[in-house]
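Here's the structure we're looking at; comments come further down.
Throughout, a chain's letter reflects where its sequence line sits, starting with A, and its residues are numbered from 1.
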2 protein chains.
Amino acid sequence: MKIDPQNPADLSAQIASAIRDAIVSGALIVDQRLPSEAELSEQFEVSRPTVREALKRLAAQSLIRTQRGATGGAFVNRISFEEAYSQQITTSTLLLSMNAVSFETACEARYALERACAGLSAKRRTADHLATMRAEIHRQSQPGLTDEAFCASDVAFHRALVDGAGNPVMSYQLAGAVEAMQPLMNMITFSARDRARIVAMHGDIADAMTQQDAAAVEAGLTALEHETQQLAIHAFAARSAAKQGSAT
Amino acid sequence: MKIDPQNPADLSAQIASAIRDAIVSGALIVDQRLPSEAELSEQFEVSRPTVREALKRLAAQSLIRTQRGATGGAFVNRISFEEAYSQQITTSTLLLSMNAVSFETACEARYALERACAGLSAKRRTADHLATMRAEIHRQSQPGLTDEAFCASDVAFHRALVDGAGNPVMSYQLAGAVEAMQPLMNMITFSARDRARIVAMHGDIADAMTQQDAAAVEAGLTALEHETQQLAIHAFAARSAAKQGSAT
DNA sequence: GGAACTTTAATTGTCTGACATTAAAAACGC
DNA sequence: GCGTTTTTAATGTCAGACAATTAAAGTTCC
């Protein structure tokens, strides 16, 4: 580390990259203090604002944290699952919304991955997970619920299912897949009948989880995927029809 | 957006957050130009360096890109799958290496998710995917290969399997799970016999893919998971034994 | 001698103002 | 009308300064 070619462009990006490599490679370990900004600017032969921009880049990725004061400075940060979750959700959400990923593709990926949890989750789920699922099912049955709140509850239900696997790595990987679907789901209007069907399916899945019947959980998820895909097809058909109508 | 409480701390983080929210919520759309740094510093009533630090934070997350010159500025960036991949891999890798996640947990998550691809991938894989898998199997059989190169080839094999599903969202979500395992795998020394067994299993999986036999692909992955877990147990047992020996 | 208070020093956070670099648009010459 | 030059608006970088914060060292008082 600490070397920097005299490339003309974007010194702060180069410095950030050098420090990032040092962290990823293990040359800088967790909680280790980086040199002060003044020292870094000497080492890299740049000004302090440039060093600061590099450090902010790393802070944005939760690779470092900073403390003020006499013994302050920049420290290599231990990335928590929480931080990793929220980063993944932001990236996944934007990736889907910006790249014209079809609802079908995103939905397929989500349910395929979620089915991957079914086996472990059916086996390991605790009473807490079951209680959360039941509570969300109950919330979803409330009549006055907005579509948005319905979708949020849907996400919470599925997160409980995923967390039931008791594998934090899996929960982390799935967070993006499940949460990023929410904006897409929000584009759908759920009729009372649609909601009733979904709630029933959630009930079936919760029952299967209670009985630790992995195959039934998978089957329930597959049924739910099919239902969701159908709803989306109708919603988008209706939407494009309305567009046609207003255009003519 | 554009509001900013007079909270004392970390103005650049607040500004970055405000702009990020505007992008995520859709108030700022792809390729839209942000106000110039000078204008932003007026709007937020801070200096230009502070605005710049905020913009660098966003650039680090690929939310914006900047261009110099007369018509330059900061533009909302369309996050590409490529960028999202590499971000996910960095975050996942650090998450695993920094949080003392057991090999067992990471391995379980990885294979569970990979099995989720098996069905789609068996059905949709093209000749290209099969060819890549065969090529990597061949490379893995080379005698002079370093452990690191063997692991890299292993990753390439599995990525081909995942990509075979033809679902870019799934490939993206799996990238982290598969690649982040590599540093952990690199801690294992593969004997010639170990490698032969793994290569044989890869061959079985490739055969199943060729025949589009989803169940066989899943079975092959399960067998491979078991083999990997066993190898890891022995490797870590040997390692801790060596540690004991050197300590006394 | 010990506890409470004060001072000091180191570090990040922010500001001001300036200059360099870049790239597109405008002006100019022919 | 086309090629060249100039202008201009923007980011990239720098230098120097001050404010805010925090921990440690020093000081005072009991």
Quiz item: Does a nitrogen or oxygen in the side chain of A/R52 sit under 4.0 Å from OP1 or OP2 of C/dG13?
Solution: yes
Practice problem: Return yes if a side-chain donor-acceptor contact under 3.5 Å exists between A/R124 and A/H129, otherwise no. | Solution: no
Practice problem: Tell me whether the OP1 or OP2 atom of D/dG12 has a side-chain N or O from A/S12 closer than 4.0 Å. | Solution: no
Quiz prompt | Atom-to-atom span, CG of A/L40 to C1' of C/dG13 - whole angstrom | solution = 16 Å
Quiz item: Any donor-acceptor pair under 3.5 Å between the side chain of A/R68 and the base of C/dT11?
Solution: no
Practice problem: First locate atom CD of B/Q67, then atom CZ of B/R65, and finally report the distance between them rounded to the nearest 0.5 Å. | Solution: 6.5 Å
Quiz item: Do any side-chain nitrogens or oxygens of B/R33 fall under 4.0 Å of OP1 or OP2 in D/dA10?
Solution: yes
Quiz item: Would you say A/R125's side chain and A/D163's backbone share a donor-acceptor pair under 3.5 angstrom?
Solution: no
Self-check item: Parallel, tilted or perpendicular, as decided by the 30° and 60° cut-offs, for the rings of A/Y172 and A/F81
Solution: perpendicular
Self-check item: Angle of first-five versus last-five pair axes in the helix from C/dG1-D/dC30 to C/dC30-D/dG1, to 10 degrees
Solution: 20°
Quiz item: Are side-chain N/O atoms of A/N167 and B/E108 paired as donor and acceptor at under 3.5 Å?
Solution: yes
Quiz prompt | Presence of A/R48 side-chain N/O under 4.0 Å of D/dA15 phosphate oxygens OP1/OP2 | solution = no
Quiz prompt | A/L11 CG - D/dA15 P separation (whole Å) | solution = 12 Å
Exercise. In whole angstrom, give the distance that lies between atom CD of B/E53 and atom P of C/dG13.
Key: 7 Å
Exercise. Tell me which nucleotide among C/dT12, D/dT11, C/dA10 gets nearest to the side chain of A/A70.
Key: C/dA10
Self-check item: Atom-pair distance (CD on A/Q67; C1' on C/dG13), nearest Å
Solution: 14 Å
Practice problem: Measure across A/N99 and B/I79 and return the closest heavy-atom pair with its distance rounded to 0.1 Å. | Solution: ND2-O, 2.7 Å
Exercise. Considering just the side-chain nitrogens and oxygens of A/T66, establish if one lies under 4.0 Å of OP1 or OP2 belonging to C/dG13.
Key: yes
Quiz item: Going by atom types only, do B/E179 and B/S92 share a side-chain donor-acceptor pair under 3.5 Å?
Solution: no
Quiz item: For the pair made of CD1 in A/I64 and P in C/dG13, what is the distance, rounded to whole Å?
Solution: 9 Å
Quiz prompt | Nearest-Å distance for atom pair CG/P, residues A/D10 and D/dT11 | solution = 13 Å
Self-check item: Under 4.0 angstrom between A/T71 side-chain N/O and D/dA24 OP1 or OP2
Solution: no
Exercise. Name the residue closer to the 5' end of DNA chain D, choosing between A/G69 and B/L55 according to the nucleotide with the nearest heavy atom.
Key: B/L55
Quiz prompt | Atom-to-atom span, CD of B/E42 to C1' of C/dT16 - whole angstrom | solution = 15 Å
Self-check item: Distance, rounded to the nearest Å, where A/I15 contributes CD1 and D/dG12 contributes P
Solution: 14 Å
